[in-house]
Asks: 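Quick one: structure below, then a few questions.
This chain uses plain numbering: 1 for the first residue, then up along the sequence. Because the structure is a prediction, the values reported are computed rather than measured. Whatever order the structure lists ligands and atoms in, that order sets their numbers, starting from 1.
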Amino acid sequence: MATKTEQDNAVLDRIIGERRSCRKFTREIPADVQVESILHAGLHAPFAAAAIGDNKDYFRRFVVVRNGSKAMKEISPLVFETVLAMAGDLEQAAAKNAQLREKAAGFMNRLAMIKDMGMVPGVGTAPFYIVAAEKRGFPPVEAQSLAHCMENMWLKATALGLGFQIVSITAQMADNPKFCRVLGLESGKWALMGCAVGYPAEKLSPSIRPSVTEVTTWPE
Ligand SMILES: Cc1cc2nc3c(=O)[nH]c(=O)nc-3n(C[C@H](O)[C@H](O)[C@H](O)COP(=O)(O)O)c2cc1C
């Protein structure tokens, strides 16, 4: 019989392998306790203690926006406007810079696709849009802390059989006073990252990556 360590290891490997980006959700609404357990996983992710300093006020916050809520109705056009502004700025910059044009081509296509859709995937396309906020510190490593937080949340969502989609445009909303006001966050004080959570509308294959040996060196 497998030892507890072997069982734990097998379960963790399976969850890591099954973690995928979900971009289509059903209308079924996960229970609030499931959402809370995802947030609990996010809270247990590492944080940049030295950058945050000795602060009694806790440095990580979550805002759970339900689909169809008043808050969702207010923030979705704000996020869409931000995408339009980003696309416009990038198009202007790329028109004058061939190197940027080549480098940003994939991202520009993605922004153009969002423009055509008239909405931002993940904001209003799943039962929950969750914003994680990390207090800005020095050095400014909030984005890294948020990435750890998101990964813990993603693995937990996977373990619960839920779909999870990163909504990275959320980072660009951190200094948007209207967006922050609706979410009850002080604008400029927090770095943000977001994700969409719900039941996946289709089963995705486990993640496919090269083998470890293909991408690893062990220098003498
Ligand atoms: C920093 C970062 C930002 C991302 N932003 C988005 C996003 O805004 N929307 C989205 O659908 N996926 C986003 N993704 C998901 C990636 O596209 C995805 O992880 C990658 O294509 C691999 O697919 P997998 O997650 O299914 O393994 C992001 C991932 C990372 C790490």
Asks: If the criterion is any heavy atom closer than 4.0 Å to an atom of ligand 1, which residues make the list?
Replies: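 Within the 4.0 Å shell of ligand 1, which is judged on heavy atoms, sit R19, R20, S21, R23, R110, W154, Q165, I166, V167, S168, R209.
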Asks: Checking the side chain of S69 only, and the main-chain atoms of V65 only, is there a donor and an acceptor separated by less than 3.5 Å?
Replies: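 Not confirmed, S69 side chain does not pair with V65 backbone.
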Asks: May I have the list of side-chain donor-acceptor pairs in residues 194-210 shorter than 3.5 Å, sequence neighbours left out?
Replies:
| from | atom 1 | to | atom 2 | distance (Å) |
| --- | --- | --- | --- | --- |
| Y199 | OH | Q34 | OE1 | 3.3 |
| S205 | OG | R20 | NH1 | 3.4 |

Asks: Between the side chains of S211 and T213, is a donor N or O closer than 3.5 angstrom to an acceptor N or O?
Replies: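 Present: a donor and an acceptor within the cut-off.
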Asks: Grouping I, L, V, M, F, W and Y whenever their side-chain heavy atoms are under 4.5 Å apart, do L183 and L146 come out in a common cluster?
Replies: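 No, L183 and L146 fall in different hydrophobic clusters.
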Asks: Could you state the interatomic distance from SG (C149) to CH2 (W154), rounded to the nearest 0.5 Å?
Replies: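 Nearest 0.5 Å value for the SG-CH2 distance: 13.0 Å.
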Asks: Do other residues, nucleotides or ligands put more than 12 heavy atoms under 6.0 Å from I29 CD1?
Replies: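 Atom CD1 in I29 is not packed in, count stays at 12 or less.
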